[in-house]
Amino acid sequence: MLKTQEFKQVPTRNGFGEGLIEAGTRNKNVIGICADLAESTRMEGFKKAHPAQYFEIGVSEQMLVALAGGLAAVGKIPWIASYAMFNPGRSWEQVRTIMALNETNVKIAGAHAGVSVGPDGATHQAIEDIAIMRVIPHMLVVVPCDSIQTKKATILLSETWGPTYLRFGRDKSPIITTEETPFELGKAQTFREGDDVAIVACGILVYNALVAADELAKEDGIECRVINNHTIKPMDEAAIVSAAQECGTVVTVEEHQIHGGMGSRVAEILAQRHPVPIEFVGVDDRFGQSGDPAELIEYYGMGASSIKDAARRAFKRKG
Amino acid sequence: MALSPERIAELKLHANDVRQGIIRALVAAGSGHSAGPLDMADIFAALYFQILRHDPKNPDWPERDRLLLSCGHITPVRYSAMAYAGYFPVEELLTLRKFGTRLQGHPERLRLPGVETTSGPLGEGLAQGVGMALGAKTDGNDWRVYVVTSDAEHQCGLHWEAVLTGAKFKLDNLINIIDRNFIQIDGSTEDVMPLDPLADKYRAFNWEVFECDGNDIAAVIEMIERAKQTKGRPSVVIAHTVPGKGVSYMEGDYTWHGKPPNREQADEALRELNAEREKIHA
């Protein structure tokens, strides 16, 4: 199911760009709207392939949501693209009212999420977006693990009715799935078997979780199950609960604030249904800064070694 | 084509019905906004009984004109006009703001057929209207988009993003009708955050501008009909209204922006409106 040899490095945003072109070919009602970031959000290709289905509206992210709401109300399937920090970061109330309460079929493409944006610094590194989207009723929230999965998600979400948030990143990241790897909304995927610790990850950090699991098996003999938890809402509760039951402890991994993110949802589920020790890997109530993506991931405690440490703590807490 | 005096009298009676419905709904609710709904009764009567292409028995008719109410807090005027136009029974107005009602304090599309979008948070209606008008153009549809906005929501940044965008896409199927009553919760718009010269602002943003007395039904209809002739750009009708219009003790008093009449005040208002009705008949 997964790639086993060398890992090609491609940004997840490329997968979005390719998926959107395909979605626009399949359905002429798929519309692209961008707020002055067509190239870097990878909407540029869609603009060239489907010029009649593309609208550019300049630097106005609240307008992105409202315009899309109007277009969706008359039968279009609008994808709105900007950096996650502004879309949905700047437009949260419009997202809540126009997309969710009003239930319109608008799709947010949140690009440049996470500290792996790199040199642009904290102002452009969205690490609160999962929290503010998953709290909204009716919102579908998806964080794919690589560019191939991002492409599949873009196509599938275009054909799935409902207000949607798709999160992806800027920097190159390893392609760990193949064209044949299945992708189903709301269905978490076990990428590595193991019964000592369950590592529940999303986004580009699924790769780090796999690296950490392999090293931990060699170094400590601890066998980690690695779960790609790509659908944050609605989350695959059955997969989370059975991982906790079978492994007895859980580590969550996300490129996001620990507070309110994917791991928080895992904790909410397990606190209610099967309490086990949980360790959280993510940004711990801080802002990012300029730097290389890899060094920022390390600095903020989301590298493979941090995941290994968290897994060791979790394993120990099982008692 | 000018309307006959008889037709104008009919429309005035519709506006009078709408005002009475507003008063009854507000006093039953015990909360809500009075001044704005009353001052927009003439415009909503003009829209629902003369201007709009619509079918109250088929609110989802794809070819209908879209009427968006951006300033959702004046929704009693829309509910009342919809009830008298036949969308739902007039008695249902008495459920305004009560638990389980379709007539939410601020209107919700999913609860009441005929409401085009959920609104209340200000400054968002024109932006959605731009989206609908753009969708109509893209698909070659000939229905129009009317958006009713308040003057105070022109203090919102998003509203001006919508004004820019409407001009960019040359949306001559879009008409923004502004309730220019000069009041908002904290006082006069010109004290709180000055908006004038409002017409010049729209001209500078490449919109076609019309102005009229928003409480003169004939003038409102004439201006909207002229706005419909505009080509290559969106239109705005700045409708100068008197807050609380039709109820003497509310007229021009901003303190009636966000409160309902009590029972005695409502009775007095209905007496005045009935007297006005007799005058129209005469």
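Note on naming: letters A, B, ... go to the chains in the order of the sequence lines (proteins, then strands), and numbering restarts at 1 for each one. Computed from heavy atoms alone, side chains included, the values below leave out hydrogens, waters and symmetry copies.
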Exercise for the section: Give the C-alpha distance, both sets of side-chain angles, the deciding distance and a yes or no for salt bridge (Lys or Arg N to Asp or Glu O under 4.0 Å) between A/Lys187 and A/Glu184. Expected result: CA-CA 5 Å; A/Lys187 206 83 194 150; A/Glu184 197 182 332; 5.7 Å; no
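- Using a 4.0 Å cut-off between charged nitrogen and carboxylate oxygen, A/Arg13 and A/Glu39 do not count as a salt-bridge pair.
- Of the atoms belonging to B/Asn141, not a single heavy atom falls under 4.5 Å from chain A.
- For a residue to count as touching a neighbouring chain, one of its non-hydrogen atoms must lie under 4.5 Å from one of that chain's; by this rule B/Leu110 touches chain A with the side chain only.
- B/His73 and B/His33 share no side-chain donor-acceptor pair at under 3.5 Å.
- Aromatic rings of B/Trp160 and B/Tyr202 (six-membered ring for Trp) have centroids within the 6.0 Å cut-off, being under it.
- The candidate with the highest count of non-hydrogen atom pairs below 4.5 Å against chain B, out of A/Thr104, A/Leu67, A/Asn102, is A/Asn102.
- For A/Arg96, the CZ atom is loosely surrounded, since the number of other residues' heavy atoms within 6.0 Å does not exceed 12.
- Within residues 163-177 of chain B, the residues that have a heavy atom under 4.5 Å from a heavy atom of chain A are B/Thr165, B/Lys168, B/Phe169, listed by number.
- In this structure, A/His124 has its ring center closer than 6.0 angstrom to the ring center of A/Phe86.
- When heavy atoms are compared at a cutoff of 4.5 Å, B/Ser119 does not approach chain A at all.
- Defined by atom type and a distance below 3.5 Å, a donor-acceptor pair is missing between the side-chain atoms of B/Ser235 and B/Trp207.
- Annotation: A/Trp79 is not in aromatic contact with A/Phe46 [ring centroid separation under 6.0 Å not met].
- Listed by sequence position, B/Arg66 are the residues of residues 49-70 of chain B in contact with chain A, using a 4.5 angstrom heavy-atom cutoff.
- Side-chain contact annotation: B/His257 with B/Ser34, donor-acceptor N/O pair under 3.5 Å absent.
- Here the options are A/Met63, A/Gln62, A/Gln94, the test is side chain to side chain contact (heavy atoms under 4.5 Å, CB included), and the partner is B/Glu124; only A/Gln94 passes.
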